[in-house]
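Taking it in order: structure first as structure tokens, then the write-up.
Naming: A, B, ... by sequence-line order, numbering from 1 per chain.
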Amino acid sequence: MLWYLKNFNIFDNFSESDLESFTKYLRAEEFDKGETILIPHDSERHVYFLMKGKVKVFHIDEDGREIILVILREGEIFGLLAVIEEYSNPLVVALEECLVGYMHESDFQNLMEEKPELCFTIYKYIGKRLITIENRLDELLFQDIPTRLARLLLRLSREYPRERDCGVQIDLRLTQQEIADLIGASREATSAALNPFKRNGWLELHQRYICLHNSEALQELA
DNA sequence: ACATTAATACGGT
DNA sequence: ACCGTATTAATGT
């Protein structure tokens, strides 16, 4: 447990004993791909620590479409905004096998009171998340679908790179539906935008992992 | 919406 | 564990 916590940037300037006290309140649970980790209005409020794996955080609109806010990986935190009553929490679903640590919101609050640096760290962390979502907002509103797709792929290849001899592979096994949910497009439009990229040899799919062969061309489009 | 293809689950060995 | 096949999921148009 302690070993996992050391991977959290948030705890960079925390001592071993600080983390030790942290683990006292922390429980862990494993989730399979596709399992729901957090549903909105969960009566038991917790703060979640993603120790292993990747999750998608999303809302479902009135027509049942998913809108993915962000994909998180090991070392990231979620469920923090559950403290705000008015906020309708998003859903969190595992994209692959995950190990998730969690603690009661009240315990987390106590820890923040004991360690004011933690408050500041969390404040910065939430601010960063807000900025990334704000940045994506104007993109979604003003760009066409191929541009949005190109930008998404470039961003994901930067955030989740896996180097291969043929190019940079995005280390996420997303379906076209999930890609569509990330760029606010229909699945069909996403497929139609993706295929020209493939035909031009800008990217390739190996076992559903997207591998960028020509980032420059995508860059130009974006 | 439908036809095609890819991925997974299942059962037998 | 491996293979072939049935079933389901993802994709292309």
Side-chain angles (χ1 to χ4, degrees), chain A residues 28-40 48 50-74 76 78 89-100 132-133 136 139-222:
Chain A
E29 196 176 330
E30 293 199 39
F31 293 88
D32 284 336
K33 179 186 160 83
E35 276 194 284
T36 302
I37 298 167
L38 173 58
I39 54 161
Y48 295 82
L50 185 51
M51 304 201 281
K52 187 167 150 293
K54 305 192 180 72
V55 300
K56 60 174 175 180
V57 180
F58 62 99
H59 282 288
I60 294 180
D61 73 11
E62 53 287 350
D63 305 318
R65 287 181 298 233
E66 293 185 4
I67 294 131
I68 300 181
L69 300 178
V70 68
I71 291 173
L72 301 177
R73 66 176 127 201
E74 48 275 352
E76 303 205 78
F78 57 92
N89 273 310
L91 275 147
V92 180
V93 169
L95 286 175
E96 52 189 62
E97 271 209 8
C98 286
L99 179 63
V100 180
T132 63
I133 290 177
R136 286 217 290 129
E139 205 170 287
L140 290 175
L141 288 173
F142 300 117
Q143 306 302 139
D144 61 16
I145 288 170
T147 306
R148 273 149 44 195
L149 179 61
R151 287 193 185 183
L152 175 78
L153 296 176
L154 289 166
R155 183 163 63 80
L156 293 181
S157 73
R158 261 181 274 113
E159 290 176 16
Y160 304 91
R162 166 165 281 179
E163 302 295 336
R164 303 183 58 122
D165 354 328
C166 54
V168 197
Q169 178 174 294
I170 296 170
D171 199 21
L172 290 169
R173 208 165 186 231
L174 300 172
T175 64
Q176 294 192 6
Q177 182 63 68
E178 284 168 328
I179 293 168
D181 297 341
L182 277 159
I183 61 175
S186 66
R187 193 201 51 82
E188 292 89 329
T190 302
S191 174
L194 193 60
N195 283 316
F197 293 176
K198 227 188 316 185
R199 280 190 218 103
N200 292 341
W202 296 352
L203 54 81
E204 199 184 348
L205 274 86
H206 341 15
Q207 307 114 250
R208 287 233 162 84
Y209 287 93
I210 297 171
C211 185
L212 304 189
H213 291 187
N214 190 345
S215 302
E216 293 73 29
L218 288 169
Q219 196 82 59
E220 243 172 85
L221 214 161

Under the side chain to side chain contact (heavy atoms under 4.5 Å, CB included) test, residues paired with A:E96 that sit two or more places apart: A:K54
Donor-acceptor contact below 3.5 Å, side chain A:R164 vs main chain A:L212: no
Ring pair (Phe, Tyr, Trp, His ring centres under 6.0 Å) contacts touching residues 156-199 of chain A (sequence neighbours left out): A:F197-A:W202
Under-4.0 Å salt bridge between A:E139 and A:R148: no
Just list the side-chain donor-acceptor pairs under 3.5 Å for residues 214-222 of chain A, sequence neighbours left out, or say none.
residue : atom : partner : partner atom : Å
A:N214  : OD1  : A:E216  : N            : 3.4
A:N214  : OD1  : A:A217  : N            : 3.0

Sequence-distant partners of A:I60, side chain to side chain contact (heavy atoms under 4.5 Å, CB included), two or more places apart: A:F58, A:E66, A:L91
Range on DNA chain B touched by chain A, heavy atoms, distance below 4.0 Å: B:dA1 to B:dT8
Partners meeting side chain to side chain donor-acceptor pair (under 3.5 Å) with A:R162 (sequence neighbours left out): none
Value rounded to 0.5 Å, distance of CG in A:L152 from CD1 in A:I183: 6.5 Å
Parallel, tilted or perpendicular: ring planes of A:H213 versus A:H206, cut at 30 and 60 degrees: perpendicular
Residues in contact with DNA chain C, drawn from residues 52-69 of chain A - heavy-atom cutoff 4.0 Å: none
DNA chain B stem ranges, 3 or more consecutive Watson-Crick or G-U pairs under 3.5 angstrom: B:1-13 with C:1-13
Nucleotide-resolved protein contact map, nucleotides 1-11 of chain C, B/S/- at heavy-atom distance under 4.0 Å: ---------SB
Under 3.5 Å: donor-acceptor pair, side chain of A:R73, backbone of A:E159: yes
Residues forming a side chain to side chain contact (heavy atoms under 4.5 Å, CB included) with A:K198, sequence neighbours excluded: A:N195, A:L203, A:L205
5' priority, DNA chain B, between A:E188 and A:K33 [closest heavy atom]: A:E188
Touch class at under 4.0 angstrom, heavy-atom based, for A:Q207 against every strand present: sugar-phosphate
Pair listing, salt bridge (Lys or Arg N to Asp or Glu O under 4.0 Å) test, anchored in residues 176-188 of chain A, at least two apart: A:K56-A:E178
Sequence-distant partners of A:E35, side chain to side chain contact (heavy atoms under 4.5 Å, CB included), two or more places apart: A:F31, A:D32
